[in-house]
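Letters go in sequence order (proteins before strands), and every chain restarts at 1.
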Amino acid sequence: MEQLRATRALQVQLEGRLLLVDKAGLEALGLMATTGPAAGPPGVPGVPGTLRTLGGWGRQMKVVDDGQLKALLKTVAGSQGAVAVELPKVMVADGAAVGMRAGSKEVAGGFRMAVRATLSADRRYVVMEIGMDAGDTAAEAAAIGPLSMVSVREGTGALLYVGPVRDRAGDTREGVVVMRATMVTPAKPAPAKGFLEE
Amino acid sequence: MVWWMRVAVVVGGVTFVAGCGGGRDGTERPVGTRAATTAKAGRVAATALSEVETVRYDVWDMLSSSDPEGGALKVPEAGAEEGLWREEAVMGAREKEVMEEIMDTVEAIVAADTWKEKGGKVGVMAMEPKGVLVVTQTRENQKGGAG
């Protein structure tokens, strides 16, 4: 059974952060505070720096490699009042979904997310289906919108604009999720350190 | 619900195993089989009941989705508890499909001629709803192959 498990063991390591920033911080990340019905042409998935409008719902997204990600996070860390909430690092089987709760100290009602990670047939890309929710009212959930589909090159990440998020002080902040997806196989073990620890 | 039950009787040095259970297709399948016995010129080369064992393998991690319906992604509801979250792990259609593939693979690579579904005398497999594969096989095959 262990041998069988090894042959089928295609997994994806997911690691991420929830960032709470102000408008200036959002712009520093290269995103705009817009959600709603999609407008404009879709971008090209899997290419660093590409903005993509997601099907049926306009959500700002930016695919980034590790270098870009670190630089952006460093910029955000310097922004006044920026907060980074660590999301649970998790390994999921190819095609499997996982849910997580985080940020109950920072976000009113907490932040919830579900991710399904599926490797492409050539194993070069990871398609992440992401659903998010925050706060405790229907209006807040409606502002965040429906599921999003993001395609990133394996081993890279994406910034995804969440929407307005109410923090514990009652102030509205701009929420951004950073998520990196890395393929893990018996021959390619998970990185020893996370993308912010390297 | 998939289930399996077994009783054994030894008569004249030959072990009989009788039981009944639910097949992988969900239908009840009566089983009444003389298990692994070969009589040759006064010598009974039997697979004693003590050599056959039933082992439950948790293979949930090899299944493809944690969503019970194998459909829409579900975001956790608000709650105080932080960390990873998963709904009660019950196999949906997609997981059952993968489980079938796993069972086919095991049947093909582990003592292929012993599985009852293939006309053998010993091996039986069944799936439990929460991603558990139940395998009845000889101890040797459990260690060397299925295990």
Side-chain angles (χ1 to χ4, degrees), chain A residues 1-12 14 18 85-119 127-138 140-141 144-149 162, chain B residues 55-95 97-111 125 131-135 137 141-147:
Chain A
M1 198 62 71
E2 287 309 314
Q3 290 171 337
L4 181 62
R5 179 175 274 111
T7 61
R8 298 181 66 93
L10 274 179
Q11 294 180 302
V12 179
L14 298 171
L18 167 67
V85 178
E86 187 169 346
L87 302 175
K89 186 194 287 187
V90 61
M91 197 91 78
V92 296
D94 176 26
V98 67
M100 53 187 79
R101 293 189 181 103
S104 59
K105 291 178 183 170
E106 296 84 1
V107 178
F111 177 74
R112 286 90 65 191
M113 189 167 78
V115 184
R116 173 176 288 127
T118 307
L119 285 160
V127 177
M128 288 187 284
E129 187 183 356
I130 299 176
M132 297 176 287
D133 199 0
D136 43 22
T137 67
E140 287 172 311
I144 290 174
L147 299 175
S148 300
M149 200 80 94
V162 176
Chain B
V55 179
R56 299 171 77 253
Y57 297 97
D58 185 348
V59 296
W60 181 260
D61 60 313
M62 287 196 277
L63 307 182
S64 61
S65 168
S66 64
D67 182 72
E69 301 302 323
L73 196 64
K74 290 180 182 173
V75 179
E77 293 179 359
E81 192 176 338
E82 293 211 348
L84 295 175
W85 173 90
R86 192 163 75 179
E87 281 197 289
E88 183 77 0
V90 176
M91 290 192 296
R94 192 174 175 186
E95 289 78 14
E97 199 174 299
V98 177
M99 183 71 102
E100 294 267 2
E101 289 175 13
I102 292 170
M103 293 166 81
D104 288 344
T105 304
V106 171
E107 279 184 350
I109 65 175
V110 179
M125 270 188 288
V132 174
L133 180 61
V134 185
V135 180
Q137 254 297 354
N141 287 337
Q142 296 275 15
K143 287 179 182 173

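- Applying the side chain to side chain contact (heavy atoms under 4.5 Å, CB included) criterion to A/A108, with sequence neighbours excluded, gives A/R166.
- For A/V85, the side chain to side chain contact (heavy atoms under 4.5 Å, CB included) partners at least two apart in sequence or on another chain are A/L18, A/V83, A/A102, A/E106.
- Heavy atoms of A/M132 lying under 4.5 Å from chain B belong exclusively to its backbone.
- Heavy-atom distances place the backbone of A/V115, and not its side chain, under 4.5 Å from chain B.
- How far CE of A/M100 is from CE of A/M113: 4.5 Å, rounded to the nearest 0.5 Å.
- Both the backbone and the side chain of A/D133 come within contact range of chain B, with heavy atoms under 4.5 Å apart.
- Side-chain contact between B/Y57 and B/Q142 is present, with heavy atoms from C-beta onward closer than 4.5 Å.
- No part of A/L87 comes within reach of chain B, as not one of its non-hydrogen atoms sits under 4.5 angstrom from that chain.
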